[in-house]
Amino acid sequence: MQLDLNLLTALDALLEEGSVAGAADRLHVTAPAMSRSLGRIRKVTGDQILVRTGRTMVPTAHALAIREQVHDLVQRAHAVLSPEQEVDLTTLERVFTVRWHDALAAACGPALVAAVHRDAPGVRLRIVAESGSDTPELRRGAVDLESGSAEPAVPDIRSRFIAEDRLVVALRPGHPLTAEREPLTAERYAAAEHLTVSRRGRLRDPVDDVMDALDLRRRVVAATPTAGTALRLALGTDLLVTVPEAVTRSARQELGLATLPLPLDMPPIPLFLLWHQRYDNDRAHRWLRDRAHDAMQAVFAPPDARGRNAGTR
């Protein structure tokens, strides 16, 4: 059965106005055109809808029974086909899933959760860990936001540049390398024992590629899935772990770890916020993106700026 949804709008106007002329004026059509629409509605519904009583027309019992339902359907159809309205954060109830690696979640999660709860108490956040393999959750809609170190290679994934990070060496306080007065060299770095951070358990990372070019090798003793685990292992051993400086800063400070510059020429690490294009015009999602952007970018602010921002919240 093929339905002309224009008849629904005409039926709503007829039931609201109670006359063909009034409905025609309301929808800016001629009276004969509205009369033809009424004839088609009568044929489709099998009911007269409006019947003449003296000089006026009155709705039938069936028309009275469906009037509110018809009006609600028309309003909902207009809402679907109209530009999206501003979102009321105070009444918004929604669950968002954010996928960040553990160091980023630890660094930015508290600020994001606080901002979301302050602006939209009905919104709940699900912050999930990175998967052990590349998965298309953004494209499937299972994840609303995630982080990445490269711009997306597919056109339906959007990105927003946050900042660039750099690698540093974290080690326990009192480590022999911290007692040396001269800067850490690539040779002494290579001679130490190391940890890698790899969700796949890899014992090699881009640092080793740079060392190969210098004809140097390092001994990687263990791989851990998260930066948090690696930092704790470094605290209790003489192992070195090479990590992004900004996103691990708070964790290193809380553990009391020492930090040395990486004695290798490594490119900076870009950080992007990623989402699927289906959410480009979703105002609630846009609000979440802005809050996530603020929380992530604050990690890269100078120490005095971070303090000022925290004091204004």
Side-chain angles (χ1 to χ4, degrees), residues 99-107 129-135 146-153 159 161-253 255-272 274 296 299-300:
R99 185 168 67 184
W100 281 343
H101 62 76
D102 73 300
L104 191 61
E130 286 185 311
S131 171
S133 59
D134 294 327
T135 51
E146 72 176 22
S147 61
S149 58
E151 292 186 270
S159 67
F161 176 73
I162 303 298
E164 289 184 336
D165 211 341
R166 62 186 179 90
L167 292 175
V168 294
V169 181
L171 64 170
R172 69 171 178 84
H175 190 288
L177 287 177
T178 64
E180 298 179 4
R181 296 185 178 182
E182 295 182 2
L184 179 65
T185 65
E187 289 75 16
R188 285 200 295 271
Y189 174 81
E193 294 184 323
H194 298 260
L195 293 162
T196 59
V197 179
S198 171
R199 55 182 175 163
R200 296 182 177 92
R202 292 174 176 169
L203 297 170
R204 182 183 175 90
D205 63 26
V207 169
D208 298 284
D209 297 332
V210 173
M211 296 184 70
D212 286 346
L214 299 174
D215 199 24
L216 293 172
R217 303 289 183 274
R218 65 173 180 167
R219 174 172 165 74
V220 175
V221 173
T224 65
T226 67
T229 302
L231 292 174
R232 289 191 174 276
L233 283 174
L235 181 63
T237 66
D238 278 343
L239 301 178
L240 307 186
V241 59
T242 303
V243 291
E245 192 278 329
V247 299
T248 65
R249 185 186 297 125
S250 61
R252 286 183 285 109
Q253 290 174 348
L255 292 172
L257 287 165
T259 302
L260 295 175
L262 178 67
L264 300 171
D265 186 15
M266 296 287 296
I269 307 167
L271 179 63
F272 293 90
L274 309 173
M296 295 169 75
V299 171
F300 293 87

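All values derive from a computational prediction rather than experimental measurement.
- The OG1 atom of Thr248 sits 9.5 Å away from atom CD of Gln253, with the distance rounded to the nearest 0.5 Å.
- Two residues are said to be in side-chain contact when any heavy atoms from C-beta on lie closer than 4.5 Å; Pro173 and Leu235 meet this criterion.
- The shortest side-chain heavy-atom distance between Val197 and His101 does not fall under the 4.5 Å cut-off.
- Smallest separation of non-hydrogen atoms from Leu274 and Ala150: CD2-O, 4.4 Å.
- Checked by atom type and distance alone, the side chain of Thr242 never pairs as donor or acceptor with a backbone atom of Leu167 at under 3.5 Å.
- Counting only heavy atoms from C-beta outward, the side chains of Val299 and Leu271 never approach each other to under 4.5 Å.
- Here Phe300 contributes atom CZ and Glu245 contributes atom CD; the two are 9.0 Å apart, rounded to the nearest 0.5 Å.
- Minimum interatomic distance between Ala251 and Leu231 (heavy atoms only, all atoms of both residues): CB-CD1, 3.8 Å.
- Around atom CG of Asp265, no more than 12 heavy atoms belonging to other residues, nucleotides or ligands sit under 6.0 Å away.
- Side-chain atoms of Arg232 never come within 3.5 Å of backbone atoms of Leu255 as a donor-acceptor pair (strictly under, hydrogens ignored).
- For residues 162-176, every residue pair satisfying the salt bridge (charged side-chain N to carboxylate O under 4.0 Å, His left out) rule, not counting sequence neighbours, is listed here: Arg172-Asp238.
- With rounding to the nearest 0.5 angstrom, the CG atom of Asp208 is 8.5 Å from the OG1 atom of Thr196.
- Taking NE2 of His175 as the reference point, atom CG of Leu240 lies at 4.5 Å (rounded to 0.5 Å).
- Between Arg199 and Asp102 there is no salt bridge, since none of the side-chain N atoms of the basic residue sits less than 4.0 Å from a carboxylate O of the acidic one.
- Shown are Arg219, Arg218, Arg217; of these, the salt bridge (charged side-chain N to carboxylate O under 4.0 Å, His left out) with Glu193 is made only by Arg219.
- Judged as a ring-ring contact (aromatic ring centres under 6.0 Å, His included), the pairs with a partner in residues 193-227 (not counting sequence neighbours) are, in order, Tyr189-His194.
- Scanning all heavy atoms of the two residues, the minimum distance from Leu216 to Ala190 falls at CB-CB, 4.3 Å.
- A 4.5 Å side-chain heavy-atom check between Arg252 and Val168 finds at least one atom pair inside the cut-off.
- Here CG of Leu184 is found 5.5 Å from CG of Leu177. Values are rounded to the nearest 0.5 Å.
- Using a 4.0 Å cut-off between charged side-chain N and carboxylate O, Asp212 and Arg204 make a salt bridge.
- Taken from CE in Met211 to CG in Asp205, the straight-line distance is 10.0 Å, to the nearest 0.5 Å.
- Between Ile269 and Ser149 the shortest heavy-atom distance is CG2-CB, 4.3 Å.
- Val241 places none of its side-chain heavy atoms less than 4.5 Å from the side chain of Leu233.
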